[in-house]
Each structure stands twice: as structure tokens, then as C-alpha cells.
Number of protein chains: 2
Amino acid sequence: MDERARHLLKSLIEQHIAKGVPVGSRQLARDAGLNISPATVRNVMADLEDEGYLISPHTSAGRIPTHVGYRFFVDALLRVVPLSAESNRLLIHRIGFRAPDVEQVLHAATGILSELTHMAGFVRVPRRATRILRHVDFIALREREVLAIFVTDKGDVENRLIRTEHPFGTAELAQAANFFNATYGGRPLQDVIHNLQRDLQQSRHEMDRILRSAMELGEEMLEEDQQRMLIEGEFQWLDLPELAGSERLRELLAAVRQKRDLVHLLDESMRGSEVRLFIGEESGYAPLSDCSVVSAPYSVDGEVVGVLGVIGPMRMPYQQIIPLVDGTAQLLGRALSQS
Amino acid sequence: MDERARHLLKSLIEQHIAKGVPVGSRQLARDAGLNISPATVRNVMADLEDEGYLISPHTSAGRIPTHVGYRFFVDALLRVVPLSAESNRLLIHRIGFRAPDVEQVLHAATGILSELTHMAGFVRVPRRATRILRHVDFIALREREVLAIFVTDKGDVENRLIRTEHPFGTAELAQAANFFNATYGGRPLQDVIHNLQRDLQQSRHEMDRILRSAMELGEEMLEEDQQRMLIEGEFQWLDLPELAGSERLRELLAAVRQKRDLVHLLDESMRGSEVRLFIGEESGYAPLSDCSVVSAPYSVDGEVVGVLGVIGPMRMPYQQIIPLVDGTAQLLGRALSQS
DNA sequence: ACTAGCACTCATGATGGTTGAGTGCCAAGG
DNA sequence: CCTTGGCACTCAACCATCATGAGTGCTAGT
């Protein structure tokens, strides 16, 4: 592909991103800035179509990029622009501080992604597999109801109600908690569960019921984030002419609610430490075949624990979206880390 | 309005609910079961239109009920059917047990409402104003980061990260927590905050910073539920021919995201203890003027703490929706109460 | 190698006629 | 007086037709 073809492809994609309609040879010839006639442009476009970068919806429409075209565009032609000062200010304002509450800051990140991009924003909740158990508490709520509370070193808190056969006194529970903290505190959650499992096999004691439930809570904490992700702003898709009113939109919404496959896709993208793009079919996930996913992993204290990003039409302003998603990931990581 | 007119109105509304299209005189004459000609039906319908129960979208369409018509229908003509065995089973399966986690059961209730009705389900989170503070914990997370944890008697847990000027030792924090629990434990949250506010005015101590933050957390717990509600299944509205693709849908979604006015409306409906209906304009809230809201308050330990329900088109099968919303409210209340 | 010209395609939108469901009104009949 | 059949009228929905215009591929001439 020669320089001129590249330039035309770039120009075409930019126009299509801006307008959303197929781009014809006349308009492209005019806007590309080369001194070239529409007929010449047509020849080039025909070549690009043969090579799979473009496609025409029907004979007498202009052409639109394929996912291959977009891929070439972002890899070879795109020049990302730095985050606008205003967006940056907004980001910092919303998620720039060490959060008082993990849930809140995740929610804020999802929201700001969606707002600034006018697409759906998502945040995969932080993985807790390597978390360290900081503190456990058992609190008598009522007769025969005990509330177990787990705290990890990153400051997230989970709780669970346990019903017991016999009533427990405050002192008894405090003792159990002390034992628990002394034995398992300061160790990774995974170890805690593992050891607890082993230890419980041997003894048989009424207090076991509480410990066993505590273990289940720990297991849930690890399993839960296999599934959880926040997503917000799906309704923005209603504004897209390429999706609105069609069956595809329905499918997409259903798929996003399902989350399973999406979570799987995102976990893939957590391996690297860079922004990743899944353009159209590249995700290998049918309901997303008209969409692009831009994702970036975020790290807490140097370790990648989650991923966030946006889901929108293939036709999205990548040069702004990419730095935005990147910046959000950085800030979220910092907000969740030690200052 | 005589018996025949009532019967025809009932029949018309039932048909319109079932089919979603305007009902004409011929069809109504046939399906109403009275031995009556379409012309007669037309006369009756014209009267009903004059009285405001019906309206015709245009000259040669049939007629559809107004919100006045629906109101009369549900108040005077509707016979609610008991909850189907299957729905009941599903409800109990999903929210019939004392929940291990409050959030989870609220979420489950929202989901099941949406699924069973094919409309949007919502749950207003339980009010905590009258909750009793059961336990407070201060946990040193890292150097100069303290996690404050509040537990109420109903078993919900809130936490907040507090940054401190100076590092605190575990013993110090335990002492603070002990003091806190001894002084304020077992008292209603509102009192706790009030007293704390007063007590803090006098002394000036480094530990105050923690207590002050704890107070703020308490305040947030009370304020937060001014705003919070869960809502799910808005996307089901896409299937409705009367909303789909129009600007109204957009408005509705935006309004629901906004929540403010909606929450206000629902708080109104918490006064009684019965199922309440807001049909169309009755809500006094423009974006909802094409919709109906069916809501029912739920109680924990005998006290109304929240409200749940569904939002859907005016044209909804009230005779099934009403018992369903009612039943869900009962079950949710029970799931959150002492067994 | 580029371009002008030309025949061709096809979505889009306007036009107009037809159909069918439905209405209001009136006059005749129980 | 209520009911009913009849009739003229309305109007959305559907369909076919047509013009328009943007766009294409191809070819021949520069």
C-alpha cells in the first residue's frame, strides 16, 4: 500500500468516524487535500476494497471501513492526542483521590468513562486473590445471628450473616475473632482459606460452624470477583444510528447483562499492561461484532488487579478514547493504591 | 355509568392490555359477550369518551383508555388474581430466605421483579434512620490509614477509610473503638451522630479526627439512602411498541438515572402499607406520564423501611402485577427481618 | 498514470391510489 | 326510548411508481 492509499484510507476512516455515513469518492477527493480527481480516488478505493480494508454497503453507496481497515488505522495511521486539559481535570476531580470507599470509586470511574465518551463504560472489579487478610470480626447481631466481617489490606470489607445453632456471647465471639486474627491474620486470603479448610477437617466444635461460614465468606470473596463488573451508560447506544432500533442492540444489551463472556474477554486483556483494542469481530464474540472495546488494565501497588474501558461502535474517535481510557486506568489504580 | 358501560369499558381495557392496539367497536361487540351491535357499542364508547375514560388516537382508529379509564378500571372493575404457584415458588426460591447479605437480597428482589413482569423492577434501599448502632471498629490498614467500620442491628455494614496525621497503633485504635462502643453502642444512629457532634465540640484531641470521620460516616449512612435505589430491567422497555424508538424512551431512561424525583415519588408511597398505583400522569412527573408505577412498601420487624415495585407501560396486566409486587414486598421484608 | 465521460445501480423520498378498519350520524324498527 | 342497520366520511397503512442524486465501474483519451 503506497503513501497515497494510506492517506486516503486514513482520511476516509476519519470522515466516517465523524459523520457515520459511507464516504464517497467525490467527498473524499475533496477533503483528503490531495489534488486528485474522484475517478482516481475510486481506483484506489477499489484496490483497498479488494485488500479487505473497505466495503460498500451496496453498489451505489460510498464505502465504510471493515474491522481490518480500522485495525490498520489504529496500528499504523493513528496519532493519539493527549488528554484534553478539561477531561483531565474532570477525571482527577472524580477519581483522583484516595477513595474513602472502594465501591464508590469504581462506580465513579465507570460513570466518568461513560460520560466523557458517550459510550458504555465498564470497570472490572479488583481481583482479590493476592489480598492479605487484615482483620476479622465476629459480631453478635441477635440471638443466634452472628455477623462475620472480613477486612483486607487494601481496605475492602465484606460481611456475611451466619445463623448458629446456639447463642454466642460477645466474649466468646471476641475470643474466636482473636484466635482467627492471630492464626490467619496477615496472610494471603488464598492461604487462609486453604489452611482453614485443612484445620477444620480435624476438630469438631460448635465454634466450627462460625469458622466454616467465615471460610465460605472468604471463598466467596475470591469467587465473586470472577463475575463482577460494573457497566454503565449502555443507554447511550440508543443514540447510534448503526445500532438503534435493530435486533443487534437487543442482543448486545442481553450479552452485556450476561457478562460471562465479556468478563472472559476482559480477563484476557489483563495480561498486558497496555491499552488494548478489540475491534469488531476481533473479540471473537458475536454480539460485539459491530462494536469495539477499548480496555486498559489498572494496577494497585504495582500489581494488575483489574481492567476498565469502554464499549462503543467501531466508529469511535480512537485518538481521544485511547488516552482517556489509559488515563482513567492510571488514576483509578492510584486512587486505590497507597498514596 | 350503567352496568353495560362498565362491562364494555372493562372488556375494552382488557383487550387493549392484551393486544396493545386501539380497540374498535366491531371487535369489542364481538368479544364483550353481550348481544349487542357495533353501532350500540359505538354509542356507549362515545359516552365513555365524553366522560374522559377513553380517547381515540385519531378519527378512524379504535379507542384506548386514558389514565382516568385505567384508574376506574383498577379501582372498580379489577379482580386481582392470586399469585401463580410458579411465580410464588420462584419468588421464595430467590428471596425467601434470610439473606446472608443485605445488598444481595435487594439485588435479587429487583431482578426477580423485572424478570417476572418483563418490566423495570426497582427497590428502594431500606431506610436506616431508626437503626441502632451495634458495633464500631477501627482497623489500622497501613501507616496513617484507618478503616472505620459501622455495624447496625439489622446487620448492614458500612466502612470508610480515614487518613490520619499521625500513625495509630492497634492498641490505641482498639481503645478508641471500645470507648466508642461503650459510649454510643446500642443507641439509634441518629442519636449517636447528634451526641457525637456535641461531644466533639468540646475536646480537642488527635483521636478526634477519627471520631469525626466516624461521625461523617454515620451521617453518610443516613443521607445515602435518601438517594439510593436499585433499578433493573429498563431495557425491557425497548420491546414496548408504545415507547420504542421515540424520544420518550430517552427521556424516561434519563429520568430514571436521575432518580431524584423518582425517589421522592416513592417516598410518598411509603406512607401507607398497601400496594399503590401511579397511573400515567397521576405521578405528576412528566417523563412517567406514559407509564404506570406499581409500588408496595416493605417492612422489617414491623416497621416500614422501604418500597419496591415495577415501572412499566400504563398498559400492564395489573391483576397479576399487583399481587406479585405485594408478594415480593412481603417476602423481602421477611428476608430482612428476624426469622 | 491520471482523468473525463458515460452508463448503470440503488437508496431515498415524494406522489398518489387503494384498502380496510373505524367513526358519527340518521332514520327505521322493536 | 333504546337499538340497529345503513351510509358517508376519515385516516393510517400499504403499495407501486417515479424522479433524484450520490456513487460506482469501465473505457478511452490525454
Side-chain angles (χ1 to χ4, degrees), chain A residues 1-9 11-16 18-66 69 241-242 244-246, chain B residues 1-9 11-16 18-66 69 241-242 244-246:
Chain A
M1 194 187 312
D2 64 359
E3 187 50 43
R4 193 179 59 180
R6 294 160 65 100
H7 183 88
L8 284 174
L9 179 58
S11 196
L12 184 148
I13 294 183
E14 281 169 353
Q15 277 187 50
H16 181 253
K19 302 276 177 53
V21 289
V23 182
S25 57
R26 183 185 347 246
Q27 200 192 357
L28 187 54
R30 186 160 38 74
D31 290 9
L34 309 172
N35 242 352
I36 254 180
S37 84
T40 311
V41 172
R42 282 202 286 279
N43 290 331
V44 179
M45 284 165 99
D47 290 347
L48 288 171
E49 181 162 4
D50 286 345
E51 292 161 50
Y53 296 110
L54 301 178
I55 195 170
S56 41
H58 58 86
T59 325
S60 81
R63 285 173 170 93
I64 58 177
T66 63
E242 53 260 67
S246 79
Chain B
M1 195 188 309
D2 65 359
E3 186 51 43
R4 192 178 60 181
R6 293 159 69 102
H7 183 88
L8 283 174
L9 179 59
S11 195
L12 184 147
I13 293 184
E14 281 169 354
Q15 277 188 51
H16 181 253
K19 302 277 176 54
V21 290
V23 182
S25 56
R26 182 182 352 244
Q27 201 192 359
L28 187 55
R30 186 161 35 76
D31 289 9
L34 310 171
N35 242 352
I36 255 180
S37 84
T40 311
V41 172
R42 282 202 286 280
N43 290 330
V44 177
M45 284 165 101
D47 290 345
L48 287 171
E49 182 162 3
D50 286 345
E51 291 161 49
Y53 296 108
L54 301 178
I55 196 170
S56 42
H58 59 86
T59 325
S60 83
R63 285 174 171 94
I64 59 177
T66 63
E242 53 259 67
S246 79

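Chain letters run A, B, ... following the sequence lines, proteins first, then strands; residues in each count from 1.
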Asks: Looking only at heavy atoms, what is the nearest atom pair of B:Ile13 and B:Pro65, with distance?
Replies: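 So the minimum-distance heavy-atom pair works out to CG1-CG, 3.6 Å.
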Asks: Round to a whole Å and report the spacing from CZ of B:Arg4 to C1' of D:dC1.
Replies: 12 Å
Asks: Within this structure, what is the CG-CD1 distance for the pair A:Asn43 and A:Ile36, rounded to the nearest 0.5 Å?
Replies: 10.0 Å
Asks: Any idea which heavy atoms bring B:Gly62 and B:Pro57 closest together, and the distance?
Replies: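 Heavy atoms only, the tightest pair is O-CD, 3.4 Å.
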Asks: Holding to side-chain hydrogen bond (donor to acceptor under 3.5 Å, both in side chains), I want the full list of residues that pass it with A:Thr59, two or more places apart in sequence or in another chain.
Replies: none
Asks: Mind grabbing the angle between the end helix axes of the helix from C:dA1-D:dT30 to C:dG30-D:dC1? Five pairs an end, 10° rounding.
Replies: 20°
Asks: Across nucleotides 21-28 of chain D, 5' to 3', mark each nucleotide with B, S or - according to how protein heavy atoms within less than 4.0 Å reach it.
Replies: -BBBB---
Asks: Rounded to whole Å, how long is the line connecting atom CG of A:Leu34 with atom C1' of C:dA1?
Replies: 15 Å
Asks: Is the shortest side-chain N/O distance from A:Ser37 to OP1 or OP2 of C:dT3 below 4.0 Å?
Replies: yes
Asks: Does A:Thr40 have any side-chain hydrogen bond (donor to acceptor under 3.5 Å, both in side chains) partners at least two apart in sequence or in another chain, and if so, which?
Replies: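 For A:Thr40 the side-chain hydrogen bond (donor to acceptor under 3.5 Å, both in side chains) partners, ignoring immediate neighbours, are A:Ser37.
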Asks: In a table with atom names and distances, give each donor-acceptor pair under 3.5 Å that connects a side chain of residues 46-56 of chain B to protein atoms at least two apart or in another chain.
Replies:
residue : atom : partner : partner atom : Å
B:Glu49 : OE1  : B:Arg63 : NE           : 2.6
B:Glu49 : OE1  : B:Arg63 : NH2          : 3.0

Asks: Hey, can you pull the donor-acceptor pairs under 3.5 Å for the side chains in residues 22-34 of chain B, sequence neighbours left out?
Replies:
residue : atom : partner : partner atom : Å
B:Ser25 : OG   : B:Arg42 : NH1          : 3.1
B:Gln27 : NE2  : B:Gln15 : OE1          : 3.4

Asks: Starting at atom CG of B:Leu8, determine the distance to atom C1' of D:dC2, rounded to an integer number of angstrom.
Replies: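 Rounding to the nearest Å, CG of B:Leu8 and C1' of D:dC2 are 15 Å apart.
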Asks: Is it the case that over 12 heavy atoms from other parts of the model lie below 6.0 angstrom from the CG atom of B:Asn35?
Replies: no
